[in-house]
Asker: 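Submitted below is the structure of interest, expressed as structure tokens.
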Amino acid sequence: MSLPIRVLLAKVGLDGHDRGVKVVARTLRDAGMDVIYTGLHRTPEEVVNAAVQEDVDILGVSLLSGAHMTICPKIMRLLKDKDAEDTIVVVGGVVPDEDVIPLRDMGVKELLLQDTTPKEIVARLEKLVQERGPR
Amino acid sequence: MPISSADLVARLKKGDLRAASRLMSRAESNDDETLSSLGAIYRAAGRAHIVGLTGVPGSGKSTLVSKLVETIRKDGRRVGVIAIDPSSPFSGGAILGDRIRMTNLVMDEGVFIRSMATRGSTGGLARSALTAVDILDTVGFDVIIIETVGVGQDEVEIAKASHSTLVVSAPGLGDDVQAIKAGILEIADIHVVSKCDRSDSNRTITDLKIMLAMGVNIAIKDRGGKPLWQVPVVGTSSETGEGIDTLIATLDRHRDVHRTTELGEERLRNIAEYRTFKTAEDLLRSQFYKSTNKRIQDVVEQIARRELDPFTASNDLLKKIAF
Amino acid sequence: MSTLNKMDPTQLAKQLELWEDTEVSAFLNKQPEREDEFYTLGGFPVKRTYTALDTKDIPIDDIGLPGQYPFTRGPYPTMYRSRYWTMRQIAGFGTGEDTNNRFKYLISQGQTGLSTDFDMPTLMGYDSDHPMSDGEVGREGVAIDTLADMEALFDEIDLENISVSMTINPTAWILLAMYIALAKRRGNDLNKLSGTVQADILKEYVAQKEYIYPISPSVRIVRDCITYCAENMKRYNPINISGYHISEAGSSPLHEIAFTMANATTYVEEVVKTGMDVDLFAPRLAFFFVCQADFFEEIAKFRAARRVWAKIMKNQFGAKKAESMRLRFHCQTAAASLTKPQYKVNIMRTTVQALAAVLGGAQSLHTNGMDEAFAIPTEEAMKIALRTQQVIADETNVANVIDPLGGSYFLENLTTQYETKIFEILEEVKEKGGTIKLIEEGWFQKHIADFAYETALKKQDGQKPVIGVNKYVEEDEKADIKTHPHDPTTADRQISRLQNVRATRDNDQIESLLNKLLEVAKDETKNIMPITIELVDAGATMGDIVEKLRTIWGTYRENPVF
Ligand SMILES: Nc1nc2c(ncn2[C@@H]2O[C@H](COP(=O)(O)OP(=O)(O)OP(=O)(O)O)[C@@H](O)[C@H]2O)c(=O)[nH]1
Ligand SMILES: [Mg+2]
């Protein structure tokens, strides 16, 4: 019996725009995944603690405030500190093109931006988990 | 090469929380190496006070858990929480949102929260939730709270597998006593009426008390006829904090009554029995699926054409299960 | 032959039938239509064509004339023939000085009103040096912590002579207090200030999710803003009841208007409860809607909104003054319709949306910059967006006739359908227990989430074409775009001024004023504005005020619905 992929979706920082994260949550649930939603306005520390306890395959961070270059490095560092580096981190929201490479360099595995379709999101996440293999 | 489950168990026994969270995932995925480690975890467990908490959707369970845990933490006890939400019957996936109400606990190292989905009627929930309880117990949590929605049989069973069961009712969710409708009135060791900051909560308390007085749930007595436990109704408000201390005191008293009287032994035996059946059922089911996987197509075709019947076929299939 | 106003319905119906049977069916035999059925973006079915039969049941008084009840055709009798709509491009980034420069630039380019965007910490009530503000100071808008920032923001701008809009919600009353304190320091007459704060907290719980406190104290603050302004600032709009964010959160245009009306009536009820006469404050209630892509539907939506509001104010609240019944709205083109691929196409999208807003009778308009799917807009993008409005105003002549689409069979029919459906939804809200209860239960949120999800699926399968995204896609497109740069020194500059204010103010005075604030907050019959004005004038930071009140009101946490 293979388990549903576990995903934690988090809105980090102060922006409350949750249209995207909600569509993603629903999409992933309808694709058979377990989605843990931690609500709005969370800090990187809170999100990482939750991700570690939940032992999720994927941590999805949704951000529309432009603070990703401050928040994402913190999240990556905290995951490392907590022995949870094998968590796949994906970022969704508004990310300017010039930040894409720095984000990938710090270990963000995928960027799901405004126009990524639901099917594509599911496909990419499934692929990431498959590539990671058992853990 | 992933770390072996046996190594994880060793780390677990030393109190490693990361090992705990990983073992929970592995146990849920039913992989053989992990299944063989579960016995060791069960044997190492047995210290924690296991509290089941159920009630109809929206009755304020998660908010209450968060308040309860916050307050229990003040005397230093460490608390684990297992929050269970239903899966979608269509996709099998789930959106688990109980954590939102427990945000105040996330930064506390003495609290561990794990969300789980019921996975429909495949019986997977009970086992993985109970394994998670063993894991939290072994890793050193003093109190373990399991929050389930009181709607389906499976969810209610979880609460039955606990030492103390709380049934939560709330004002403003309709006129009937919700616990009756949901079929969970009888399983309560303690009834909680949440949202007591609301003016209509008194009515809910009265209704519940009347129901209890009508004999649905009378005092539990020892062999000599001495009453050991009378199911109480405790009003709480997660908004004002009212009743939370009383609830904790009541819970502790319930635990003590069980630890010191024959009630406890009986309860533990019931739980053990439940777990044994549940585990056996699970094993049987998963083995059944594993070993019939390929053969089933043929058989199904024959049954559909009425050349074979489901009774004979199942008997045959069961005999062929490879353990 | 009957003339248009003497049409014979039976005869027309026959004619229509004949047409379907002959001309139409002959054509359909040669070539079917593009779709079996056509719908508006909001899901209203659309017929092949419309005739007088589709308008014959609409009471002529419902259509009426511009500036007359129920204001379907416009809130004023002369509309853009006397003055164009206010061209109000929103701006805000960095510190007060940074945004002040952008303001002056926009004014020099012909902009006629100011509109301010604040950064997330300001919107959410955190001081710039709070840990939650890390990375967000001055990024998505201007950072305001204290009155000193406000002074910088409006440096050399005459507040009595330009209308200033501030897009802010849970902390709106503090910003308004700073604005008032600043005007007082400059010796301005409060009754000459014009402009608005958004201050629409209910739609925050429903859609945008910028909230701090639970609903009840938050609505009380809004009430206080409305009554304070009614008594002290005759030309100021204390609230902009907004559908825009409901739409951006994913709702249909119908729900945008219906939910906004549900929120609006809730505010009116709250204020009326204080004993204030409805005609004393209702004239200053203003609205804010989006203009989306479905051209005629949007125009019908605006017309219906005006009619519905007029009827609500007259029939439900017994308003007597025409000003209380006429709905005035600010409009913004739809940010959610902007795309990153082939981003210059955004100019066309925005142009068509802006035209619909004008034909729908907007009082003020913000046109989005073409680069807003990337970041906040550059000066160049803002200029083109402003020029778009100027072209519509000065070159097309559309502003010379009021409600030029009035009387269109299709449009009048759709307007009336909108009206009917809006009233149905409002009735449902009432039956189900009212706006606030339904917000707590996530009822509005669920409708919005459902439509957002459907929209995502329709984009995915191409049912909703988006040029450059699911149609006419350019595979190897490279965006040649220079986005607005974020100045990395912003946070330091901002925080140093903040800390300077803290170091130089009289902290004992602040402490005693904060305690007085608590007393006022606890007494629902008091107005929170005067003490807040005193506080900001004495150098209190936004965070001081917000955190103090959190000790009694707590923090709102939503039950998300998906
Ligand atoms: N007034 C009041 N409202 C409460 C209280 N506790 C919870 N609520 C509200 O009740 C709603 C449901 O609370 P939850 O804690 O999510 O309830 P739940 O039983 O866990 O819900 P599910 O997990 O969805 O079944 C929320 O809107 C809470 O804010 C309380 O003590 N007083
Ligand atoms: Mg819950």
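So that the names make sense, note that chain A is the first sequence line, chain B the second, and so on, each numbered from 1.
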Asker: Would you check if the side chain of A:Glu54 reaches a backbone N or O of B:Ser115 as a donor-acceptor pair within less than 3.5 Å?
Answerer: yes
Asker: If I compare all heavy atoms of B:Pro2 with all of A:Pro134, which pair ends up nearest, and what's the gap?
Answerer: CG-O, 3.5 Å
Asker: Take atom NZ in A:Lys74; do more than 12 heavy atoms of anything else shown fall under 6.0 Å from it?
Answerer: yes
Asker: Does any backbone or side-chain atom of B:Ile113 lie under 4.5 Å from a heavy atom of chain A? Answer side chain, backbone, both or neither.
Answerer: both
Asker: Less than 4.5 Å apart, any side-chain heavy atom of A:Ile36 and any of B:Arg99?
Answerer: yes
Asker: Between A:Asp34 and B:Arg114, is the salt bridge (charged side-chain N to carboxylate O under 4.0 Å, His left out) condition met? List the steps.
Answerer: CA-CA 12 Å; A:Asp34 282 351; B:Arg114 180 77 169 203; over 6 Å; no
Asker: What part of B:Phe112 gets closer than 4.5 Å to chain A, counting heavy atoms only: side chain, backbone, both or neither?
Answerer: both
Asker: Does A:Glu131 have more than 12 heavy atoms from other residues, nucleotides or ligands lying within 6.0 Å of its CD?
Answerer: yes
Asker: Would you say the side-chain atoms of A:Arg29 pair up with the backbone N or O of B:Ser87, donor to acceptor, closer than 3.5 Å?
Answerer: no
Asker: What part of A:Asp86 lies closer than 4.5 angstrom to a heavy atom of chain B: side chain, backbone, both or neither?
Answerer: side chain
Asker: Taking every non-hydrogen pair under 4.5 Å, which of B:Arg101, B:Met102, B:Met107 racks up the most with chain A?
Answerer: B:Met107
Asker: Does atom CZ (B:Phe288) have a neighbourhood of more than 12 heavy atoms from anything else shown, all under 6.0 Å?
Answerer: yes
Asker: When you measure from the side chain of A:Gln53 to the backbone of B:Val111, do you find a donor-acceptor pair of N or O atoms at a distance under 3.5 Å?
Answerer: yes
Asker: Answer yes or no: is there an ion pair linking A:Asp83 with B:Arg11, defined by an N-O contact shorter than 4.0 Å?
Answerer: yes
Asker: Side-chain contact test, heavy atoms from C-beta onward, threshold under 4.5 Å: evaluate it for B:Ile100 versus A:Tyr37 and give yes or no.
Answerer: yes
Asker: If we ignore hydrogens and angles and just use 3.5 Å, is the side chain of B:Ser21 paired with the main-chain N or O of A:Val52 as donor and acceptor?
Answerer: yes
Asker: Give, as side chain, backbone, both or neither, the part of B:Val81 having an atom under 4.5 angstrom from any heavy atom of chain A.
Answerer: neither
